[in-house]
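Right, one structure below, let's go through it.
Just so it is clear, the values below take in all heavy atoms, side chains as well, and ignore hydrogens, waters and symmetry mates. Position 1 is the first residue of the sequence; numbering continues from there.
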Amino acid sequence: GRSNDSGDGKDGSQGSKDQISAVYENILLKTLAPSVKGRPSMVVQLCFAAFVKVFSLYGDGRGFEPTIRQMDKFDAKRGVPMDIVSLLWSSLLGLNHEVVFGADEEPYSLEERKDHVSFIVEALCSLGVLHRRETAEQDGSVSVFVCYAHDMQRRHATNLVSPGGALGHI
């Protein structure tokens, strides 16, 4: 017989999808937390979660469609200029340093923040969490955009900043 792939759980598919999603979330949580001074750093997670939360037009992903007026805004799923993302992340790394990173870590200088942002972009692109796209402009310049790769990654970012999430205290 044919399998019921409607996602209603009658064939166990929803349970299987939930298990896969939970495993993927756990992999992302560990992969995106590099060790700094012997303990996991949440810098990469924080920046990715901020990217998704700030630039998501689609809310929780359950069918909300942007209006025509919203279509011209940048969206994490379709692409955000790298310059804007870098500004967000660099600013984020400079705010409330003690709350975000703990009292043991010194605040980052502007140069250190730029280095961190560069590392974060490379890490997220290398891991396939973000995609980088270059677009040739009419004036001959090239614009670089980034977007998240899959809705599971958007859900992961949303879960990170939920009240019970790893970054819910921030």
Side-chain angles (χ1 to χ4, degrees), residues 20-21 24-36 40-101 105-162 165-168 170:
I20 291 169
S21 185
Y24 185 72
E25 288 257 343
N26 197 26
I27 290 169
L28 278 179
L29 192 61
K30 289 180 173 45
T31 305
L32 301 181
S35 181
V36 175
S41 170
M42 296 305 285
V43 173
V44 177
Q45 301 270 8
L46 177 66
C47 288
F48 180 63
F51 169 73
V52 170
K53 291 301 277 185
V54 169
F55 296 113
S56 285
L57 293 177
Y58 296 96
D60 63 4
R62 294 184 185 165
F64 172 76
E65 290 295 324
T67 65
I68 297 299
R69 184 180 168 131
Q70 291 171 317
M71 295 288 277
D72 64 346
K73 293 189 169 68
F74 301 119
D75 178 58
K77 185 171 186 157
R78 292 179 299 167
V80 179
M82 190 61 239
D83 291 346
I84 294 173
V85 175
S86 294
L87 181 61
L88 169 68
W89 290 351
S90 182
S91 298
L92 185 64
L93 295 178
L95 297 175
N96 297 322
H97 191 87
E98 193 170 306
V99 173
V100 175
F101 303 104
E105 204 169 314
E106 293 292 318
Y108 300 131
S109 69
L110 181 58
E111 254 339 281
E112 288 173 319
R113 291 194 316 246
K114 286 180 182 178
D115 288 345
H116 275 70
V117 167
S118 179
F119 165 77
I120 292 165
V121 170
E122 290 306 316
L124 290 172
C125 288
S126 294
L127 293 168
V129 175
L130 287 182
H131 288 293
R132 185 184 344 226
R133 180 182 80 239
E134 294 184 359
T135 303
E137 301 296 336
Q138 290 180 351
D139 65 1
S141 65
V142 175
S143 295
V144 179
F145 292 81
V146 292
C147 61
Y148 64 82
H150 194 277
D151 277 340
M152 282 198 315
Q153 294 154 340
R154 179 196 46 79
R155 283 193 302 273
H156 172 70
T158 302
N159 290 341
L160 281 172
V161 294
S162 68
L167 300 172
I170 298 174

Taking only residues two or more places apart in sequence or in another chain, which ones pass side chain to side chain contact (heavy atoms under 4.5 Å, CB included) with V54?
L88
Which residues pass the side chain to side chain contact (heavy atoms under 4.5 Å, CB included) test with V80, sequence neighbours left out?
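Residues passing side chain to side chain contact (heavy atoms under 4.5 Å, CB included) with V80: F51, F55, F74, I84, V85.
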Does the pair Y148 and L124 meet the rule for a side-chain contact (heavy atoms from CB on, under 4.5 Å), with working shown?
CA-CA 9 Å; Y148 64 82; L124 290 172; over 6 Å; no
Non-neighbouring partners of F145 that pass ring-ring contact (aromatic ring centres under 6.0 Å, His included), sequence neighbours left out:
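So F145 forms no ring-ring contact (aromatic ring centres under 6.0 Å, His included) with any residue.
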Who passes side chain to side chain donor-acceptor pair (under 3.5 Å) against [X], sequence neighbours left out?
X    : answer
E137 : S143
R133 : none
S91  : none
S126 : none

To the nearest 0.5 Å, what is the distance between CG (L93) and CD1 (I120)?
5.5 Å
Can you name the residues that form a salt bridge (Lys or Arg N to Asp or Glu O under 4.0 Å) with E112, not counting sequence neighbours?
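By the salt bridge (Lys or Arg N to Asp or Glu O under 4.0 Å) rule, E112 matches no residue at all.
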Which atom of [X] lies closest to which atom of [Y], heavy atoms considered:
X    : Y    : result
K77  : C147 : O-CB, 3.5 Å
L160 : A49  : CD1-CB, 4.2 Å
Q153 : F48  : O-CE2, 3.3 Å
G128 : A149 : O-CB, 3.2 Å

Begin from the C-alpha positions of R132 and E122 and carry the test side-chain contact (heavy atoms from CB on, under 4.5 Å) through to its verdict.
CA-CA 10 Å; R132 185 184 344 226; E122 290 306 316; 2.9 Å; yes
Taking [Y]'s backbone N and O only, do any of them form a donor-acceptor pair with [X]'s side chain (distance below 3.5 Å, no angle check)?
X    : Y    : answer
S90  : S86  : no
W89  : V117 : no
S162 : N159 : yes

